[in-house]
S.K.: 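Quick one: this structure, given as structure tokens, is what I'll be asking you about.
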Amino acid sequence: IDGLLVTTTTRIIHEKTRMGTRWLRALVVVTVGLSAVRIDGLLVTPDIPPKGFNTFDSYPGLNETDVIRLADTMVTQLLPSGYIYLVLDGGWSGSTTTLPNGTRVSGPVLDEYGRPLPDPQRFPSGFTWLSAQLRTRGLKLGLWTIRGVDTTAVQRKAKVFGTPFTVDQLVDTQPVGGGPNGSCLWDKAALGINASHPGAQPFYDSKVALMSSWGVDFIKGDCFMCAPCYTAEIELFTNAVKADPREIVLSYSPGGDNTPQDGLWVAQGQLGSMYRIVTDFHGGWYRWGGLQQNIFTAGNFSALGLFGNVGGNGTHPDLDMLPLSAQWWSGSVEQADRGETIAALWMVSRSALMHAGTLPADPQTLAFETNPVALEAHGYGNPAIPVYQGDCRCATSEQEQWLRPRPHAADGKLGPGCTLDPAAFPACVAKWVSPVTPAAPHTQWTAVALFNMGENTTEAIVSLHELAIDPSRVWLLTDVWTGHAAGSLTGTQTLAFSLRPHASRFFKATSAK
């Protein structure tokens with residue numbers, strides 16, 4: 001719970017509980033310090049978006065000694081700011097062995113029920129031991145898994161735990177999502193499950209139960225979200241997590257085609273603690289999966305309140321991992337500006353925060369990811385409805401119309417991105433305003449973020465009326481990152497801030513006494 005261990009005893013309420021207009025089959029509220037977690041079934045839906053570290057970008061092929069070293073660094077650098085989940089991404093069950101003839105063979109380590117096991121060569125102590133080691137440090141273990149069943153288990157006709165079925169009988173015969181047998185489009189070894197088969201739910205139940213028995217607190221389900229494509233399997237997997245006796249944070253990915261309507265579907269059914277709304281993000285600006293597209297995407301989801309606890313219903317849109325590390329700050333001015341823009345967007349939008357750079361983190365990255373003012377906006381902000389300055393289109397073709405901002409885009413479908421050049425893209429500034437309401441009384445303030453979406457230096461104009469802030473008061477703007485005063489506003493006054501291409505400013509606006 002936001003960097004704090006749960007020390008109270010939780011109790012599952014088996015009778016139905018009324019909450020607003022929804023009936024939940026189980027609800028627990030646990031309050032520790034200033035944050036709370038709600039549990040629907042046993043799916044954790046945290047009020048504050050999850051924070052942690054993911055190994056995917058920087059640490060492929062790591063072993064248990066590497067994990068403990070990373071955990072010790074997390075305790076020093078990230079845990080004090082609430083980053084509690086250490087998530088081992090894909091590859092932890094992959095193993096390579098050498099046959100007597102010298103041939104090296106690679107493949108997943110599976111049990112008799114077709115469920116992935118940790119590679120015994122790299123994790124000889126097992127995940128029960130590893131999760132316990134993390135827990136003594138105040139951290140929680142997360143594991144990646146993928147939708148469906150592995151072809152190796154299908155070839156072996158592995159049994160489905162607790163049933164008379166074998167996994168080969170579960171494989172979908174339809175090309176759900178576009179892949180043969182509903183296979184993952186980027187991992188053909190992961191075959192889809194026919195959700196109507198009576199062994200489908202028990203298969204996912206046993207897969208979750210095994211990870212839970214190891215003490216896993218966070219599960220990243222990959223190749224599930226694709227607008228949303230694998231609807232039935234998402235529901236099966238969510239059911240399995242909710243039925244398990246452990247309190248588990250459930251994250252779905254990848255999400256590159258998700259629309260705000262898909263977000264409403266996730267929120268209304270509380271199908272995941274967090275879910276990706278963009279494709280894999282590695283820090284670029286242009287085209288499909290770039291930061292420019294992600295700013296518009298986040299704006300459309302935020303306009304429907306999906307980044308908040310009311311509209312989001314305890315679920316959290318995910319802009320993917322934070323790719324920041326030392327090299328971001330030693331390159332070009334544009335790259336450093338872009339890195340700061342990444343930090344500002346993730347904080348003001350209230351996306352889940354998963355550090356993906358190397359550890360120990362460099363001082364500049366750490367300054368962004370652990371800034372207490374930014375984290376207060378991230379933890380206690382309210383959904384923003386972005387407003388836009390300028391002509392925010394990259395082209396006029398039908399294929400690229402998605403880039404036009406839709407402040408209330410309930411039916412917006414994102415397209416394949418577009419190639420930008422300075423001549424084609426006019427000045428455009430996205431302006432985010434998020435009222436921040438910490439638990440402490442009389443500490444409310446307003447987060448204001450400005451993003452230059454264009455290819456030229458431009459002036460971002462800030463007015464209280466446009467930002468829907470009370471103009472009868474005097475408002476003081478302070479730079480979130482530096483703590484320096486940035487000006488004041490009242491009435492119809494305006495402030496202008498010069499922004500380089502892809503740059504941003506992030507302010508704390510407080511009412512003068």
Side-chain angles (χ1 to χ4, degrees), residues 2 35-38 44-52 82 225 227-228 249-253 255-256 258-278 281 291 293-322 341-354 369 373-388 405-412 414 430-438 444-451 467-468 480 504 506:
D2 191 36
S35 60
V37 161
R38 291 169 295 169
V44 176
T45 51
D47 287 344
I48 293 177
K51 299 193 286 289
M225 293 294 292
V249 169
L250 174 57
S251 168
Y252 280 124
S253 67
N258 282 339
T259 70
Q261 283 289 8
D262 299 320
L264 289 172
W265 172 70
V266 173
Q268 289 166 359
Q270 284 197 319
L271 296 174
S273 312
M274 51 188 274
Y275 61 99
R276 283 266 295 280
I277 62 173
V278 297
F281 176 68
L291 181 57
Q293 184 194 49
N294 291 358
I295 295 172
F296 278 109
T297 303
N300 288 342
F301 276 75
S302 188
L304 288 184
L306 292 171
F307 279 98
N309 294 325
V310 178
N313 198 19
T315 65
H316 298 279
D318 175 18
L319 291 171
D320 203 8
M321 297 171 279
L322 289 160
T341 293
I342 291 170
L345 177 65
W346 266 241
M347 292 292 184
V348 76
S349 70
R350 306 188 76 233
S351 172
L353 300 179
M354 288 288 162
E369 293 183 356
V373 179
L375 286 175
E376 191 168 71
H378 178 263
Y380 302 102
N382 291 278
I385 298 181
V387 294
Y388 297 87
R406 305 181 183 93
H408 300 279
D411 59 350
L414 299 180
K431 306 174 186 180
W432 287 60
V433 181
S434 173
V436 180
T437 53
Q444 292 83 0
W445 55 280
T446 300
V448 178
L450 311 173
F451 303 104
L467 301 180
V480 167
S504 62
F506 192 15

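Residues: numbered from 1 along the sequence shown.
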S.K.: Looking only at atom types and distance, does a side-chain atom of Ser273 sit under 3.5 Å from a main-chain N or O of Leu250, one as donor and one as acceptor?
M.R.: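 Side chain of Ser273 to backbone of Leu250: a pair is present.
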S.K.: Quick one, Tyr380 and Asp47 - any side-chain contact, counting heavy atoms below 4.5 Å?
M.R.: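 Answer no - side chains too far apart.
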S.K.: Quick one: closest heavy-atom pair of Tyr388 and Gly299, and the distance?
M.R.: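 That would be OH-CA, 4.3 Å.
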S.K.: Can you name the nearest heavy-atom pair linking His378 to Arg350, along with the distance?
M.R.: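 Closest heavy-atom pair between His378 and Arg350: O-NE, 2.7 Å.
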S.K.: Tell me whether Ser253 contacts the main-chain N or O of Arg276 through its side chain, where contact means a donor paired with an acceptor under 3.5 Å.
M.R.: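 Not a single qualifying donor-acceptor pair exists.
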S.K.: Got Met274 and Thr315 here, is their nearest side-chain heavy-atom distance under 4.5 Å?
M.R.: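 Side-chain contact under 4.5 Å: no.
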S.K.: Between Phe506 and Ala377, what is the shortest heavy-atom contact and its length?
M.R.: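 Scanning both residues, the minimum pair turns out to be CZ-CB, 4.3 Å.
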S.K.: Looking at Ser504, Ser302, Pro383, which one forms a side-chain contact (heavy atoms from CB on, under 4.5 Å) with Trp432?
M.R.: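 Considering Ser504, Ser302, Pro383, a side-chain contact (heavy atoms from CB on, under 4.5 Å) with Trp432 is found only for Ser302.
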S.K.: Cut-off 3.5 Å, side chains only: do Trp346 and Glu369 have a donor facing an acceptor?
M.R.: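 Per modelled atom types, Trp346 and Glu369 side chains form no pair under 3.5 Å.
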S.K.: Any donor-acceptor pair under 3.5 Å linking the side chain of His316 with the backbone of Pro46?
M.R.: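 Yes: the side chain of His316 pairs with the backbone of Pro46.
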S.K.: Rounded to the nearest 0.5 Å, how far does NZ of Lys431 lie from CG of Leu450?
M.R.: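 Between atom CG of Leu450 and atom NZ of Lys431 there are 7.0 Å.
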S.K.: Would a line drawn from the ring center of Tyr275 to the ring center of Trp265 be shorter than 6.0 Å?
M.R.: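 Aromatic pair excluded; centres sit 6.0 Å or further apart.
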S.K.: When rounded to the nearest 0.5 angstrom, what is the spacing between CG in Leu319 and CD1 in Ile295?
M.R.: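 If we round to the nearest 0.5 Å, Leu319:CG and Ile295:CD1 are 9.5 Å apart.
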S.K.: Can you tell me how far the CD1 atom of Ile342 sits from the CE atom of Met321, to the nearest 0.5 Å?
M.R.: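 Those atoms lie 12.5 Å apart.
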S.K.: Decide yes or no on side-chain contact (heavy atoms from CB on, under 4.5 Å) for Val436 and Glu376, but give the supporting numbers first.
M.R.: CA-CA 8 Å; Val436 180; Glu376 191 168 71; 4.2 Å; yes
S.K.: Answer whether the closest heavy-atom distance between the side chains of Pro435 and Gln444 falls below 4.5 Å.
M.R.: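 Not in contact.
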S.K.: Which heavy atom of Ala298 sits nearest to which heavy atom of Ile277, and what is that distance?
M.R.: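 In this case the closest contact between Ala298 and Ile277 is CA-CD1, 4.4 Å.
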S.K.: Any chance you could measure Met225, atom CE, to Asp318, atom CG, to the nearest 0.5 Å?
M.R.: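 Result: 10.5 Å between the selected atoms.
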S.K.: Mind checking the CG-CZ spacing from Asn258 to Phe301? Nearest 0.5 Å is all I need.
M.R.: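 Rounded to the nearest 0.5 Å, the CG-CZ separation comes out at 5.5 Å.
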S.K.: Are side-chain N/O atoms of Thr259 and Asp262 paired as donor and acceptor at under 3.5 Å?
M.R.: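 Result is yes, a qualifying pair exists.
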S.K.: Quick one: are the ring centres of Phe451 and Phe296 less than 6.0 Å apart?
M.R.: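 Ring centres of Phe296 and Phe451 not closer than 6.0 Å.
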S.K.: Is a donor on one side and an acceptor on the other found under 3.5 Å between the side chain of Gln270 and the backbone of Asn313?
M.R.: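 Between the backbone of Asn313 and the side chain of Gln270 there is a qualifying donor-acceptor contact (under 3.5 Å).
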S.K.: Roughly how far, to the nearest 0.5 Å, is the CG atom of Leu264 from the CG atom of Leu306?
M.R.: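 Interatomic distance, Leu306 CG to Leu264 CG, rounded to 0.5 Å: 5.0 Å.
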S.K.: Taking Asn382 for its side chain and Ser434 for its backbone only, find out whether a donor-acceptor pair lies under 3.5 Å.
M.R.: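 No, Asn382 side chain to Ser434 backbone: no donor-acceptor pair under 3.5 Å.
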S.K.: Are any of the side-chain heavy atoms of Met347 and Leu353 separated by less than 4.5 Å?
M.R.: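 A side-chain contact exists here, since the closest heavy-atom pair is under 4.5 Å.
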